[in-house]
4 protein chains.
Amino acid sequence: MASNNKTHQNIVDASYKLFSEYGFDKTSLSMIAAEVGITKPAIYYHFASKEALIDYLFEDSFKDYHFEAYFTIDEFTSINFQEMLIENGLRILLLEDEDDSVMRILNEFLLTITRNENYHKRLLQMQEDFLNGFSELLEKGVTLGVVSPMNITARAHVLAMVFDNISSYMLMGLKLDYRLIWIEAVNNAIR
Amino acid sequence: MASNNKTHQNIVDASYKLFSEYGFDKTSLSMIAAEVGITKPAIYYHFASKEALIDYLFEDSFKDYHFEAYFTIDEFTSINFQEMLIENGLRILLLEDEDDSVMRILNEFLLTITRNENYHKRLLQMQEDFLNGFSELLEKGVTLGVVSPMNITARAHVLAMVFDNISSYMLMGLKLDYRLIWIEAVNNAIR
Amino acid sequence: MASNNKTHQNIVDASYKLFSEYGFDKTSLSMIAAEVGITKPAIYYHFASKEALIDYLFEDSFKDYHFEAYFTIDEFTSINFQEMLIENGLRILLLEDEDDSVMRILNEFLLTITRNENYHKRLLQMQEDFLNGFSELLEKGVTLGVVSPMNITARAHVLAMVFDNISSYMLMGLKLDYRLIWIEAVNNAIR
Amino acid sequence: MASNNKTHQNIVDASYKLFSEYGFDKTSLSMIAAEVGITKPAIYYHFASKEALIDYLFEDSFKDYHFEAYFTIDEFTSINFQEMLIENGLRILLLEDEDDSVMRILNEFLLTITRNENYHKRLLQMQEDFLNGFSELLEKGVTLGVVSPMNITARAHVLAMVFDNISSYMLMGLKLDYRLIWIEAVNNAIR
DNA sequence: GATGAATGAGCATTCATTCAT
DNA sequence: GATGAATGAATGCTCATTCAT
């Protein structure tokens with residue numbers, strides 16, 4: 001699909017940086033070309049259009065954002081269940097160290113999504129991946145006898161919402177004790 | 001300050017509609033003028049600039065979005081605490097009936113915010129208003145003897161996150177049992 | 001011709017100030033209205049158009065700029081001729097103290113003039129008024145026996161040019177010994 | 001720096017023509033584009049902005065307007081001094097044949113200058129170049145024993161003013177015997 | 001693989017002017 | 001005498017895109 005050429009990657013990198021800083025609309029191909037150090041038409045050699053470039057970033061940025069990347073469900077046992085759930089979830093905090101770019105652009109997509117069919121479906125799937133992931137996980141907990149079977153779907157969803165919002169709040173710069181929040185949420189979920 | 005003129009309101013209405021549909025950047029003043037049925041310069045008679053128009057919408061759309069508009073803390077008693085917390089919170093579901101515009105534009109601001117100092121501060125304050133609101137509420141619950149005093153801050157924050165995300169998920173079109181989710185979250189919080 | 005109303009004069013004053021500072025094109029009626037503290041359409045009550053306002057200023061600002069306002073030819077005698085010519089001419093230096101506005105706007109007209117038939121004629125007349133004035137003056141000097149008759153036209157023109165340029169150079173901010181320059185020019189002219 | 005492209009020069013030529021005819025403000029980029037036969041954005045390929053285009057013309061039009069372009073001081077001797085001064089100075093009359101554009105635009109700058117720091121300095125320098133040039137020239141005349149040493153600065157300045165005004169008056173369309181005027185001025189200066 | 005040159009479409013903004021009140 | 005509201009026309013500028021080289 002993509003030419004595995006250096007310029008190609010430079011364009012992608014510059015795009016992440018600029019799109020996340022200024023948004024899709026306020027970032028022009030000129031800006032990207034300037035950042036890369038090439039001319040505008042050169043971008044067209046690598047991407048058919050601005051939209052195609054954005055599409056590429058969409059695929060690229062979400063390819064690792066799925067439930068199993070965070071929660072390794074197979075490793076959960078009746079003994080380590082609570083601990084695993086807490087530790088796995090706290091991986092989300094690592095985003096803080098990471099480059100803001102991916103988070104910001106992810107958010108950019110979230111907005112674009114409400115208007116763009118293409119992305120909308122894909123994002124709903126992702127969101128549901130997490131909702132289902134937490135549901136399955138809790139169900140496994142029930143099977144293992146470490147999670148109460150009552151309202152597990154609702155509890156899984158609460159968990160998913162908290163997990164989701166931790167990254168949002170971090171992105172916005174709110175300084176909260178996310179660690180404690182997550183632990184509290186987990187404890188409620190498996191209680 | 002605002003002319004109490006009909007055109008003024010028409011511009012505001014059209015702006016809500018178009019901005020929420022296409023976003024700030026992709027909505028031009030021409031589009032707004034066309035929607036209202038006036039000429040572009042007429043907008044400038046009512047708003048100094050596109051930015052000023054957006055600012056106006058910002059103030060306008062957030063003026064009723066604060067904790068006390070949802071949670072009437074004074075009416076909470078030891079007897080009705082749980083029930084009130086649940087019922088008050090479920091008001092968020094009413095957004096579903098309401099015009100999407102306000103929600104969408106609210107989201108638009110959320111994105112714009114990461115890049116715009118002006119809005120950023122204001123939104124953080126709003127977010128903190130809710131975080132603090134839930135904290136105070138739970139503290140009152142502790143005083144009333146209906147809420148466990150353990151980790152109340154973390155629990156308040158979990159509650160705030162769930163509350164916050166319910167509107168986001170609704171906006172995205174996810175069909176979940178928000179009622180049950182909220183009840184579950186409340187029960188965990190006051191347990 | 002003009003309504004002898006206060007607002008009328010305020011508009012004229014504001015126009016002098018703003019036109020001289022920003023030029024005709026870059027000064028809008030809005031700016032003038034704002035400076036006066038009235039609304040734009042109010043200007044139209046006093047002046048039919050922007051052009052009419054400028055015309056008015058043109059007439060107004062040049063009405064006192066003619067040779068006889070500086071050189072009182074009748075008072076020149078064989079005894080005081082040189083002294084009078086010097087002293088009268090030095091009046092031009094007083095412009096320095098005066099508000100820059102008039103000089104600046106005069107210059108603005110000078111430019112506009114090359115493009116506008118209306119003003120062009122009028123300004124040529126003014127220029128010629130000075131050229132002729134100096135010629136007559138020197139001729140009188142010849143009659144009085146205090147000025148050499150050779151090339152008096154050319155010498156009058158030299159004098160006019162120096163006189164003219166003194167104001168230009170002052171306007172531009174050049175710091176020269178204009179006094180000495182004028183005396184030198186006069187001495188050459190009547191030698 | 002400048003693309004050695006034909007269009008570039010066409011833009012410059014059209015700009016000279018139109019700016020000198022209508023002034024900077026009343027000449028729009030559309031007009032220039034139409035005159036050249038290209039589209040507006042094409043101008044932006046060659047000049048970053050309207051201001052940048054004007055700057056370019058400023059540099060371009062003044063690059064040959066300095067004292068030494070008219071007066072070849074080294075060739076002045078005690079024998080040819082008067083003759084050289086006259087002949088060299090009369091070169092200014094050649095401007096008459098030349099395209100008005102340059103003179104007109106030069107005048108346009110003169111006005112712009114009173115408001116624009118950038119140009120102001122540069123023009124003052126040019127003016128001073130001539131003032132100093134004439135001073136040096138007369139000083140050389142003194143050294144050569146062909147010019148009286150009295151008030152040479154004032155006399156040099158008178159000369160500069162006459163020289164300067166000859167072009168202005170020609171531009172305005174005044175028909176004078178500039179030849180005789182200049183000769184007279186020179187004779188007075190070296191007398 | 002990439003550039004120079006150019007274009008069509010569009011945008012936010014400003015301005016002189018008008019007119020009913 | 002003056003204002004509120006609006007307009008038509010224009011302006012400088014930007015952008016995504018194209019295409020011959």
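What you see is a predicted model; the values in this text were computed from it and never measured. Basis for what follows: all heavy atoms, side chains included, without hydrogens, waters or symmetry-related copies.
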>> Heavy-atom nearest nucleotide on DNA chain F for I38(B) versus I43(C): which residue maps closer to 5'?
In response: I43(C)
> Partners of T7(C) by side-chain hydrogen bond (donor to acceptor under 3.5 Å, both in side chains), sequence neighbours excluded?
Replying inline: N5(C)
>> One character per nucleotide, please: for nucleotides 15-21 of chain F, 5' to 3', B when the base has a protein heavy atom closer than 4.0 Å, S when only the sugar-phosphate does, - otherwise.
In response: BBBBB--
Once you round it to whole Å, what is the distance between [atom2] of [N] and [atom1] of [X]?
X	N	atom1	atom2	result
N10(C)	dG1(F)	CG	C1'	14 Å
L18(B)	dC11(E)	CG	P	12 Å
F47(D)	dA6(E)	CZ	C1'	15 Å
Q9(A)	dG1(E)	CD	C1'	17 Å
K6(B)	dG4(F)	NZ	C1'	17 Å

Would you indicate, yes or no, if [N] has its OP1 or OP2 atom less than 4.0 angstrom from a side-chain nitrogen or oxygen of [X]?
X	N	result
N5(B)	dA5(F)	yes
Y45(D)	dA6(E)	no
H8(A)	dG1(E)	no
H46(D)	dG4(E)	no
T39(A)	dG4(E)	no

>> Holding to ring pair (Phe, Tyr, Trp, His ring centres under 6.0 Å), I want the full list of residues that pass it with F24(A), two or more places apart in sequence or in another chain.
In response: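 F19(A), F109(A).
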>> My understanding is that only residues two or more places apart in sequence, or in another chain, count here; which of them pass ring pair (Phe, Tyr, Trp, His ring centres under 6.0 Å) with Y44(B)?
In response: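 Result, ring pair (Phe, Tyr, Trp, His ring centres under 6.0 Å) vs Y44(B): none returned.
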Among residues two or more places apart or on two chains, list those pairs meeting salt bridge (charged side-chain N to carboxylate O under 4.0 Å, His left out) that have a residue in [range].
range	result
residues 19-34 of chain A	D25(A)-K26(B), K26(A)-D25(B)
residues 45-58 of chain A	none
residues 29-42 of chain B	K17(B)-E35(B)

> Do Y16(A) and S61(A) come within less than 4.5 Å of each other through their side chains, counting heavy atoms only?
Replying inline: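 SC-SC contact between Y16(A) and S61(A) confirmed.
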> Parallel, tilted or perpendicular: which fits the ring planes of F58(A) and F62(A), with parallel below 30° and perpendicular above 60°?
Replying inline: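 Judged by the thresholds at 30° and 60°, the geometry between F58(A) and F62(A) is perpendicular.
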> With sequence neighbours excluded, what pairs up with A34(D) under the side chain to side chain contact (heavy atoms under 4.5 Å, CB included) test?
Replying inline: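 Here no residue qualifies.
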>> Defining pairs by Watson-Crick or G-U wobble geometry with both distances under 3.5 Å, how would you list the stems of DNA chain E with at least three pairs each?
In response: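 If one scans DNA chain E for consecutive Watson-Crick or G-U pairs, the stems found are E:2-21 with F:2-21.
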